There are 2 protein chains.
Amino acid sequence: MKDEQIEALAKILKSMSHPIRLKILCLLQNRELSVGDIRKQVETTNANISQHLNILRAQGIIDFRKEANFIYNRITDKRILEMIVKMQKLFCPDHKE
Amino acid sequence: MKDEQIEALAKILKSMSHPIRLKILCLLQNRELSVGDIRKQVETTNANISQHLNILRAQGIIDFRKEANFIYNRITDKRILEMIVKMQKLFCPDHKE
DNA sequence: CAGGAATTACAGTATTCACTAAAATAAGCA
DNA sequence: TGCTTATTTTAGTGAATACTGTAATTCCTG
């Protein structure tokens, strides 16, 4: 594994390694959600969620779609989805699909 | 996925998300290595590597074995090994075993 | 026991990160 | 247009992180 690849992967892991961001990614696993939807399941402010979403967007992990004055977010990087599935299997053996 | 599990997983990801630590984990994938061995492949000081190893130990990801005045490190958490394998497949498709 | 190699522990500093609060933008609706 | 809702942006602060350099520790070897 080349150093450049390690650097790139470390960045991705870093952006996933915050509890709020990791939870957002789990929530987005099967569906797209607005900031408000996420807000209902994560205890923090909308502004804070927006900031975390920005970090995930900058990393190219998620994308968004605008509808009325809602913004629906979804995971674009299939590799991230695969990683989340794998991590759930490894670290939450009782997880149900 | 429960919040506690997410918190725990986020911590693990965080400890893996530093380029030096991620490289160390890749190096330890198939063998055990001393600080000096690692030093030869990572451009930094021994003290710095030692500190990063401490972080991985505190997280329970790696373990060590003492022999003479060398300390050999190895990955203890099989789940971490599986994750590294998965990540290599996902992010380094040209990777050869 | 003295010398040296390998590793760790301990400050100090500089950078990065996370959260809060407040202001700004955008879009629907009366 | 004015009001409300949804989201983003910005600025500021306190905390966490990373690296450097140096001192301390451990343990082999002669």
Side-chain angles (χ1 to χ4, degrees), chain A residues 3 6-28 31-76, chain B residues 3 6-28 31-76:
Chain A
D3 280 6
I6 287 180
E7 298 264 347
L9 182 50
K11 276 188 192 172
I12 291 172
L13 290 177
K14 190 173 177 183
S15 66
M16 299 174 68
S17 72
H18 187 286
I20 291 182
R21 292 196 291 273
L22 187 55
K23 182 156 186 181
I24 289 174
L25 290 174
C26 288
L27 292 173
L28 292 179
R31 61 209 153 185
E32 53 179 21
L33 296 173
S34 70
V35 176
D37 295 333
I38 295 169
R39 165 67 206 280
K40 286 171 199 156
Q41 313 202 46
V42 179
E43 280 209 24
T44 185
T45 62
N46 281 14
N48 192 17
I49 289 175
S50 178
Q51 286 165 345
H52 284 300
L53 286 172
N54 258 335
I55 292 171
L56 294 171
R57 282 173 197 149
Q59 191 54 240
I61 292 178
I62 67 173
D63 194 2
F64 63 92
R65 167 178 78 83
K66 215 165 184 175
E67 189 179 308
N69 51 357
F70 290 85
I71 288 179
Y72 292 99
N73 301 275
R74 66 156 196 261
I75 296 178
T76 46
Chain B
D3 281 7
I6 288 180
E7 298 264 347
L9 182 50
K11 276 188 193 172
I12 292 172
L13 290 177
K14 188 172 179 185
S15 66
M16 297 175 69
S17 72
H18 187 286
I20 290 182
R21 291 196 291 272
L22 186 55
K23 181 154 186 182
I24 289 174
L25 290 174
C26 287
L27 291 174
L28 291 180
R31 62 208 152 181
E32 52 180 20
L33 296 172
S34 69
V35 174
D37 296 333
I38 295 169
R39 165 69 207 279
K40 288 171 197 155
Q41 312 201 46
V42 180
E43 280 208 25
T44 184
T45 61
N46 281 12
N48 193 17
I49 289 176
S50 178
Q51 285 165 346
H52 284 300
L53 286 172
N54 259 333
I55 291 171
L56 294 171
R57 281 173 199 150
Q59 191 52 242
I61 292 178
I62 66 173
D63 193 2
F64 63 91
R65 167 178 77 83
K66 216 163 186 177
E67 188 179 309
N69 49 358
F70 289 87
I71 287 179
Y72 292 100
N73 301 274
R74 65 156 196 261
I75 298 178
T76 47

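Just so we're on the same page: letters track the sequence lines, and every chain starts at 1. We use all heavy atoms of the structure for the numbers below, so side chains are in, but hydrogens, waters and symmetry mates are not. Every value quoted in this text rests on a predicted model; they were computed, and no experiment measured them.
The nearest heavy atom of DNA chain C to B:V35 and to A:E67 marks one nucleotide each, and the one closer to the 5' end goes with B:V35. Take the nearest nucleotide of DNA chain D for A:N48 and for B:N48: the residue whose nucleotide is more 5' is A:N48.
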What are the atom names and distances for every N/O pair under 3.5 Å that joins the protein to nucleotides 13-15 of chain D?
none

Nucleotides 9-11 of chain C: which of its N/O atoms have a protein N/O under 3.5 Å away?
unit_1, atom_1, unit_2, atom_2, d
C:dA9, OP2, B:N54, ND2, 3.2
C:dC10, N4, B:Q51, NE2, 3.0

Could you list the protein-to-nucleotides 3-5 of chain D atom pairs, N/O on both sides, closer than 3.5 Å?
unit_1, atom_1, unit_2, atom_2, d
D:dT5, O2, A:N69, ND2, 3.1

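Atom CG of A:L53 is separated from atom P of D:dT8 by 7 Å (rounded to the nearest Å). As rounded to whole Å, 9 Å separates atom P of D:dA6 from atom NZ of A:K40. Rounded to whole angstrom, the span from the CD atom of B:Q59 across to the P atom of D:dT17 amounts to 12 Å. When the P atom of C:dA23 is taken as reference, atom CG of A:N46 falls 18 Å away, rounded to whole Å. Atoms CG (A:L56) and C1' (D:dT8) sit 15 Å apart, rounded to a whole Å. Rounded to whole Å, atom P of D:dT8 lies 13 Å from atom OH of A:Y72. For B:R39 and D:dT20, the CZ to C1' distance is 13 Å, given to the nearest whole Å. A:L33 has its CG atom 15 Å from the P atom of D:dA6, to the nearest Å.
Here the closest non-hydrogen pair linking B:H52 and B:I24 is CB-CD1, 4.2 Å. Closest approach of B:M16 and A:L13 over heavy atoms only: O-CD1, 3.9 Å. In terms of heavy atoms, B:I6 sits closest to A:P19 at CG2-O, 3.7 Å.
Side-chain N/O atoms of A:K66 include none lying less than 4.0 angstrom from OP1 or OP2 on C:dA26. Distances shown here put every side-chain N or O of B:T45 at or beyond 4.0 Å from the OP1 or OP2 atom of D:dC19. Under 4.0 angstrom from either OP1 or OP2 of D:dT17 there lies no side-chain N or O belonging to B:H52. Here B:R57 reaches the OP1 or OP2 of C:dT8: one of its side-chain N or O atoms lies under 4.0 Å away.
Nearest nucleotide to the B:S34 side chain, out of C:dT7, D:dC19, D:dT8: C:dT7. Among the nucleotides C:dT8, C:dA27, D:dT26, the one closest to the side chain of B:I71 is C:dT8.
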Take A:Q59 and A:K11, measure what side chain to side chain contact (heavy atoms under 4.5 Å, CB included) needs, and give me the verdict at the end. CA-CA 8 Å; A:Q59 191 54 240; A:K11 276 188 192 172; 3.9 Å; yes
Could you give me the CA-CA distance, side-chain angles and deciding distance for A:I38 and A:L33, then say whether side chain to side chain contact (heavy atoms under 4.5 Å, CB included) is met? CA-CA 6 Å; A:I38 295 169; A:L33 296 173; 4.0 Å; yes
I'd like to know whether A:R21 forms a side chain to side chain contact (heavy atoms under 4.5 Å, CB included) with A:I55, so could you lay out the CA-CA distance, the side-chain angles of the two residues, the decisive distance to 0.1 Å, and finally the verdict. CA-CA 9 Å; A:R21 292 196 291 273; A:I55 292 171; 3.4 Å; yes
Step by step, would you call B:S34 with B:N73 a side chain to side chain contact (heavy atoms under 4.5 Å, CB included)? CA-CA 6 Å; B:S34 69; B:N73 301 274; 5.5 Å; no
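Under the salt bridge (Lys or Arg N to Asp or Glu O under 4.0 Å) criterion, A:K23 pairs with B:D3, sequence neighbours left out. The salt bridge (Lys or Arg N to Asp or Glu O under 4.0 Å) check on B:E43 picks up nothing, with sequence neighbours excluded. Take B:R74 and apply the salt bridge (Lys or Arg N to Asp or Glu O under 4.0 Å) test, not counting sequence neighbours, and it matches B:D63. In this view, B:N46 and B:V35, B:R39 satisfy the side-chain contact (heavy atoms from CB on, under 4.5 Å) rule, not counting sequence neighbours. Under the salt bridge (Lys or Arg N to Asp or Glu O under 4.0 Å) criterion, A:K40 pairs with A:D37, sequence neighbours left out. Checked against side-chain contact (heavy atoms from CB on, under 4.5 Å), B:T44 has the following partners two or more places apart in sequence or in another chain: B:I20, B:V42, B:N48, B:I49. Under the side-chain contact (heavy atoms from CB on, under 4.5 Å) criterion, B:N69 pairs with no residue at all, not counting sequence neighbours. Contacts of A:I75 classified as side-chain contact (heavy atoms from CB on, under 4.5 Å), with partners at least two apart in sequence or in another chain: A:L25, A:L28, A:I62, A:I80, A:L81, A:I84.
Across residues 14-24 of chain B, not one residue has a non-hydrogen atom less than 4.0 Å from an atom of DNA chain C.
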